[in-house]
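All values below were derived from every heavy atom in this structure, side-chain atoms included, with hydrogens, water molecules and symmetry-related copies excluded. Naming convention: chains lettered A, B, ... in sequence-line order (proteins, then strands); numbering from 1 in each chain.
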Amino acid sequence: MANAARIFIQIVKRDLRVASRQRSDLLNPLIFLLIVVSLFPLGVGPGPDILARIAPGVIWVSALLSAMLGLERMFRDDFRDGALEQMMLLPVSLEVSVLAKIAVHWVMTAVPILFIAPLLALLLNLPTTAWGVLWVTLLLGTPVISAAGAIGVALTVSLNKGGALLSLLLLPLLIPLLIFATAAVEAAVSGLSATGPLALMGAFLVITITLAPFAVKAGLRVSVN
Amino acid sequence: MATATPETSVSSILLAATALSSIRGERTLFADLSMTVRAGEVWQIEGPNGAGKSSLLRILTGLLPAQAGTVHFQGESITQCRDEYHQSLLFIGHKSGVKPELTAIENLEFYAAVQGQPLVEPPYELLANVGLVGLEDIPAQGLSAGQQRRIALARLWLTQAPLWILDEPFTALDVAGIALLEARFAEHVGQGGAIILTSHQPVNAEKFPLQRIALRYQH
């Protein structure tokens, strides 16, 4: 157990260090998200009513797409330089290392989104009463993207052009997440309780975080050989 | 004292592979391969490109499943005692496992810490020994192939694992590097460790006993 905790911390430490030296890789998806969201007022017209109506969907779809951009990084570099092989030979269950990778990915990609979420809401004229719920949907939903994404990356990491395939694999799987996230924000906009959809998102979160490491492990075993 | 009883010779067996077969695609790389690696032995796996040397090493580490056969570490199947086995194993493969964004010291610190022997202070002496002194603050991507290889191989001086499995350890090393590595091999074997390696270069067998397995390219 002490072994697992130590290795978890070491992997988190190393990966944060590596990520801090590849800042453009981290900034690009975030800038992409900002640009896509700011294109909508230009595309559909600046009418505040229309924007407020489509805001939950636009923010969530853009967040999903921008997540696809950076997802591949999770195991691709490690696969190329051999660190993935070494990770599989650590004296600890592979699930622990996988969980560390997912945690780092979430911190580096989703936490910035949580910070700029109010800006996105402002750009699309989302009523301020729904800002809190939007933020909670992102808080609950982004770890699901990281964890489910890790399964897709594990399966496609050894393919040369896995990027497009990865989106094709993952986006359909994330549809339920999108539906309940936008339902929660729309409920908040119309003054209804968002507890139901948020509770379901919490359930998604628990299920993916607990089960994804096992699926990722199986995927990596297939990819690395 | 000098005569080893059968019992002690059994307990000194580190790794035993029994009737291994590997099939990649349509081609059988090797079939019914058995080897027994005892403490104090160096095994060199020889063969032309594509004969299955790397596959054999990866099967021995547990990274690749064999189509048939078993690998036992100290009498226990490596699928059963995976964590203990990996604690006692150092594998350096074709890809070095060195993160190009990190410096030599950061890379070595990580591997020392995950193996449970964290470095108390930066290993300057070791870096000097392996010819990386003065380069410790440069991310590995700024170094040459041989220097990156030296970072990976520096792990051999930090580890306490008894079994080393090394895929082409001499690649990209200069003559001095090779001599250094052979001296370290001799030291490790003298302390009761064992090494399995592949190499296209002839290994200097004066300093330690060398066993050879030859794989043939099978069509």
Side-chain angles (χ1 to χ4, degrees), chain A residues 1-26 73-101 104 108 154 157-158 214 217-225, chain B residues 22 24 54-55 57-67 78-79 81-103 105-119 139-142 148-149 151-152 155 159-161 163 165 167:
Chain A
M1 211 46 226
N3 225 9
R6 188 189 68 232
I7 289 175
F8 184 91
I9 292 168
Q10 288 299 328
I11 291 180
V12 168
K13 226 171 96 181
R14 180 188 66 171
D15 280 15
L16 285 178
R17 202 177 255 167
V18 169
S20 70
R21 292 184 193 166
Q22 302 176 316
R23 287 201 199 98
S24 66
D25 277 17
L26 297 172
R73 286 192 58 247
M74 209 185 311
F75 295 120
R76 185 198 54 200
D77 292 348
D78 284 1
F79 178 74
R80 289 199 184 141
D81 59 33
L84 190 56
E85 251 171 37
Q86 294 293 337
M87 191 175 100
M88 300 178 81
L89 295 175
L90 291 177
V92 71
S93 306
L94 188 54
E95 290 89 344
V96 173
S97 320
V98 166
L99 211 53
K101 301 290 292 182
V104 172
M108 300 312 285
V157 71
S158 61
F214 298 98
K217 174 179 170 175
L220 289 178
R221 288 260 156 85
V222 174
S223 290
V224 180
N225 74 42
Chain B
S22 177
R24 300 288 270 178
S54 294
S55 294
L57 290 192
R58 296 170 72 82
I59 288 172
L60 293 178
T61 62
L63 280 173
L64 184 68
Q67 258 72 27
I78 59 167
T79 51
C81 63
R82 216 181 173 100
D83 290 357
E84 292 83 356
Y85 178 48
H86 289 163
Q87 184 77 58
S88 312
L89 169 73
L90 181 75
F91 171 69
I92 298 179
H94 181 62
K95 297 185 255 186
S96 65
V98 170
K99 290 303 290 176
E101 295 86 1
L102 301 182
T103 67
I105 288 183
E106 287 165 346
N107 270 299
L108 292 175
E109 273 174 349
F110 170 77
Y111 283 115
V114 290
Q115 288 294 331
Q117 294 121 19
L119 300 176
Q141 58 199 356
Q148 291 196 24
R149 195 78 196 155
I151 299 177
R155 292 175 59 197
T159 182
Q160 287 170 17
L163 179 65
I165 297 185
D167 198 351

Worksheet entry | Lys99(B)/Asp78(A) salt bridge by N-O under 4.0 Å criterion | yes
Item to complete: Heavy atoms only: give me the nearest Val12(A)-Val104(A) pair and the separation to one decimal.
Response: CA-CG2, 3.7 Å
Discussion item. Report which part of Val98(B) has an atom under 4.5 Å of a heavy atom belonging to chain A: side chain, backbone, both, or neither.
Written reply: backbone
Worksheet item: Hey, does the side chain of Ser88(B) reach the backbone of Ala161(B) with a donor-acceptor pair shorter than 3.5 angstrom?
Response: no
Worksheet item: Can we say Arg58(B) and Glu85(A) salt-bridge, meaning some charged N sits less than 4.0 Å from an Asp/Glu carboxylate O?
Response: yes
Worksheet item: Phe79(A) ring centre to Lys95(B) NZ or CZ under 6.0 Å, with the angle to the axis within 45°?
Response: yes
Worksheet, complete the sentence: Under 4.5 Å to a heavy atom of chain A? For Glu106(B) that would be both
Discussion item. Can you tell me which portion of Ile9(A) sits under 4.5 Å from chain B's heavy atoms? Options are side chain, backbone, both or neither.
Written reply: neither
Fill in: Choice from His94(B), Glu109(B), Arg155(B) maximising heavy atom contacts with chain A below 4.5 Å
Arg155(B)
Fill in: Contact winner vs chain B - Leu89(A), Asp77(A), Ile7(A), heavy-atom pairs under 4.5 Å
Leu89(A)
Worksheet item: Considering all heavy atoms of both residues, which atom of Ser55(B) and which atom of Ser22(B) are nearest to each other, and what is their separation?
Response: CB-OG, 4.3 Å
Practice prompt. Sort Tyr111(B) into side chain, backbone, both or neither according to what part of it lies under 4.5 angstrom from a heavy atom of chain A.
Written response: side chain
Worksheet, complete the sentence: When the 4.5 angstrom heavy-atom criterion is applied to Gln148(B) and chain A, the contacting part is neither
Worksheet, complete the sentence: Scored by heavy-atom pairs under 4.5 Å with chain B, the best of Arg80(A), Gln86(A), Gln10(A), Met88(A) is Gln86(A)
Discussion item. With rounding to the nearest 0.5 angstrom, report the NZ to CD distance, Lys217(A) to Glu95(A).
Written reply: 4.0 Å
Item to complete: Look at Met87(A), Arg221(A), Lys13(A) and state which one has the largest set of heavy-atom pairs under 4.5 Å with chain B.
Response: Arg221(A)
Fill in: Residue part contacting chain B, namely of Val18(A), when any heavy atom lies under 4.5 Å
both
Worksheet entry | Distance (rounded to the nearest 0.5 Å) between Glu101(B) CD and Asp81(A) CG | 7.0 Å
Worksheet item: Relative to chain A, which of Gly62(B), Ala152(B), Ala113(B) shows the most heavy atom pairs under 4.5 Å?
Response: Ala113(B)
